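These numbers come from a predicted model, not from an experiment. Below, chain A is the first sequence line, B the second, and so on; all start at residue 1.
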There are 2 protein chains.
Amino acid sequence: MAARHEQIAAELRRAIRREEYPVGSRLPAETELAAQYGVSRGTVRQAVAALTAEGLIGSRQGARRVVLADHRSQSFGELRSFAQWAEAMGRTATGHVVSQEYRPATAEDAARLHLDQGVPLLNVLRVRGLDGEPVLIERTVYADWISPTVAALPPDCASVTQRLNEETGLVFAHGEHVIDAVAAGARDADLLALRRTSPLLRVRRVTTTHDGRPVEWSDDRYRPDAVSFTVHNSIANNALVRTTAG
Amino acid sequence: MAARHEQIAAELRRAIRREEYPVGSRLPAETELAAQYGVSRGTVRQAVAALTAEGLIGSRQGARRVVLADHRSQSFGELRSFAQWAEAMGRTATGHVVSQEYRPATAEDAARLHLDQGVPLLNVLRVRGLDGEPVLIERTVYADWISPTVAALPPDCASVTQRLNEETGLVFAHGEHVIDAVAAGARDADLLALRRTSPLLRVRRVTTTHDGRPVEWSDDRYRPDAVSFTVHNSIANNALVRTTAG
DNA sequence: TAGTGGTCTAGACCACCGG
DNA sequence: CGGTGGTCTAGACCACTAT
């Protein structure tokens with residue numbers, strides 16, 4: 001059973017989508033919604049906070065909330081594992097290991113995974129695809145304490161995240177992602193069936209457990225015609241806001 | 001005077017940075033913090049929610065919060081104007097207009113700005129830099145109702161956002177950003193002093209007022225060696241969304 | 001000035017984690 | 001099992017918006 005505030009958030013999303021609250025219109029006041037759903041104002045605030053974070057509505061002190069959009073930009077792509085994300089999009093994730101070998105931890109490996117330099121770590125190069133079409137190259141380095149388990153996985157495993165969770169209870173709880181762009185190298189071009197120097201969207205990420213212990217880090221390169229990232233933002237404060245020129 | 005929960009959030013950030021709560025350690029319980037700061041549990045929860053969103057701490061039902069990092073990188077949640085962002089990084093934003101002309105709204109312009117096709121809109125091409133070095137090309141199209149004001153700005157205006165706010169009270173309240181990568185065209189390469197086909201980090205964005213009315217949309221291309229973006233995410237808590245083309 | 005969202009309190013119960 | 005965070009209530013006052 002989902003929490004009441006989540007149910008209300010879901011109902012509001014549906015109401016917005018079916019244009020009961022059209023884009024540009026104003027949402028009822030918190031107190032009205034509270035009465036309508038038979039909950040306290042705090043619970044309503046939890047619900048609308050979720051929609052605000054999704055960019056569906058905008059909020060300002062003193063003014064009714066405004067409907068900004070009627071859909072999340074490709075909802076549910078929540079930056080989870082590639083396989084989970086693909087499934088949520090109604091597509092099939094594929095993947096296979098191109099190469100897999102132990103190498104001594106480089107200085108960069110040591111820094112990102114909080115390990116000592118020289119420790120043998122599993123380096124895996126995977127190509128992953130949507131409905132069979134390759135869209136992503138992953139170059140992942142695993143911490144020493146998880147390397148053996150990863151090495152034992154079948155080379156065509158569709159969801160490493162899920163398998164590791166099932167087999168060891170490991171949870172990929174947090175991630176830090178740095179996004180930029182790079183030119184495809186010879187290897188990248190070959191694996192993704194592109195020309196060399198084609199632009200690729202790169203995400204370098206470190207994944208950790210609940211308590212912040214690094215599990216893996218990865219250099220992921222996406223075909224930019226197949227995958228992009230979306231983010232909403234709103235101004236936090238009225239610091240810069242000043243109304244009406246004299 | 002900042003809200004009490006913001007003061008507490010700020011104190012916790014400082015405490016984490018000075019390693020009173022080192023990375024990997026656990027924060028005191030909510031009730032302890034509440035007693036410590038002389039506030040109710042709800043106020044403490046507002047404060048720690050902010051740190052959670054920033055990726056500084058992790059949260060799970062039943063377990064103490066964990067310190068994940070002692071600093072925060074520039075996050076997408078607070079994507080601001082280029083000038084403000086540069087200032088926050090301690091650098092100086094520069095910029096100048098390369099070309100500026102009215103063109104009839106294309107189908108894409110009309111869709112993104114919610115206007116009719118064919119309406120004359122101001123198209124501006126700007127090069128922007130950090131400390132004088134060019135890092136970004138902006139191709140911006142302004143809605144018809146703001147075009148004249150923008151056209152009248154000085155061509156070397158460092159912060160268009162700020163000038164428009166001062167002169168008309170306009171507030172850039174919301175933004176939606178789609179991030180991918182493209183190869184530099186001949187013009188891009190020339191303006192950024194790069195080779196053609198160099199990879200560029202592209203952000204296509206639509207900016208709106210408080211009530212969701214589009215003000216401008218822009219195709220921004222960054223030199224990936226000069227600018228990248230960082231995003232934190234936790235399981236079931238995500239600002240960033242990954243989307244497929246199409 | 002009336003209405004609205006933002007903040008804060010002081011309780012309560014439950015789901016979950018850990019030893 | 002005790003402790004903890006997640007949820008929810010029913011108030012109160014304040015800051016700000018809109019008219």
(message) Minimum heavy-atom separation for Asp144(B) and Leu115(B), please, with both atom names.
(response) OD1-CD2, 3.7 Å
(message) Give me the atom names and distance for the closest heavy-atom approach of Ser147(B) to Tyr142(B).
(response)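 Ser147(B) and Tyr142(B) have their closest heavy atoms at OG-O, 3.2 Å.
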Between [X] ([atom1]) and [N] ([atom2]), how many Å, whole number?
{"X": "Arg65(A)", "N": "dA18(D)", "atom1": "CZ", "atom2": "P", "result": "14 Å"}
{"X": "His5(B)", "N": "dT9(C)", "atom1": "NE2", "atom2": "C1'", "result": "14 Å"}
{"X": "Glu32(A)", "N": "dG3(C)", "atom1": "CD", "atom2": "P", "result": "11 Å"}
{"X": "Gln7(B)", "N": "dT7(C)", "atom1": "CD", "atom2": "P", "result": "12 Å"}
{"X": "Glu30(A)", "N": "dG3(C)", "atom1": "CD", "atom2": "P", "result": "16 Å"}
{"X": "Leu33(A)", "N": "dT9(D)", "atom1": "CG", "atom2": "P", "result": "13 Å"}
{"X": "Tyr37(A)", "N": "dA10(D)", "atom1": "OH", "atom2": "P", "result": "18 Å"}

(message) Between Gln100(A) and Leu122(A) (side chain of the first, backbone of the second, donor and acceptor by atom type, cut-off under 3.5 Å), is there such a pair?
(response)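 Between the backbone of Leu122(A) and the side chain of Gln100(A) there is no qualifying donor-acceptor contact (under 3.5 Å).
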(request) Answer with base, sugar-phosphate or nothing: what part of the nucleic acid does Arg4(B) contact at a heavy-atom distance below 4.0 Å? (result)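 Touches sugar-phosphate only.
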(message) Over all strands shown, is Ser59(A) touching base, sugar-phosphate only, or nothing at heavy-atom distances under 4.0 angstrom?
(response) sugar-phosphate
Considering only side-chain heavy atoms of [X], which listed nucleotide, [options], is closest?
{"X": "Thr43(B)", "options": "dC8(D), dG5(D), dC8(C)", "answer": "dC8(C)"}
{"X": "Arg45(B)", "options": "dG5(C), dT7(D), dC8(C)", "answer": "dT7(D)"}
{"X": "Ser40(B)", "options": "dC8(C), dT7(D), dG6(D)", "answer": "dC8(C)"}
{"X": "Ala3(A)", "options": "dT9(D), dG6(C), dT7(D)", "answer": "dT7(D)"}

(request) List the protein contact pattern of nucleotides 11-19 of chain C with one symbol per nucleotide (5' to 3'): B for base contact, S for sugar-phosphate-only contact, - for none; contact means a heavy-atom distance under 4.0 Å. (result) -B--BBSS-
(request) Might you work through the side chain to side chain contact (heavy atoms under 4.5 Å, CB included) test for Val171(B) and Thr209(B), ending with a clear yes or no? (result) CA-CA 6 Å; Val171(B) 177; Thr209(B) 58; over 6 Å; no
(request) Indicate whether the side chain of Gln7(A) and that of Glu11(A) have a donor and an acceptor atom separated by less than 3.5 Å. (result)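 No, no side-chain donor-acceptor contact under 3.5 Å.
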(message) I'd like to check the ring-ring contact (aromatic ring centres under 6.0 Å, His included) partners of Tyr222(B); sequence neighbours left out, ordered by chain and number.
(response) Phe229(B)
(message) Any non-hydrogen side-chain atom of Phe82(A) less than 4.5 Å from a side-chain atom of Val227(A)?
(response)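 No, side chains not in contact.
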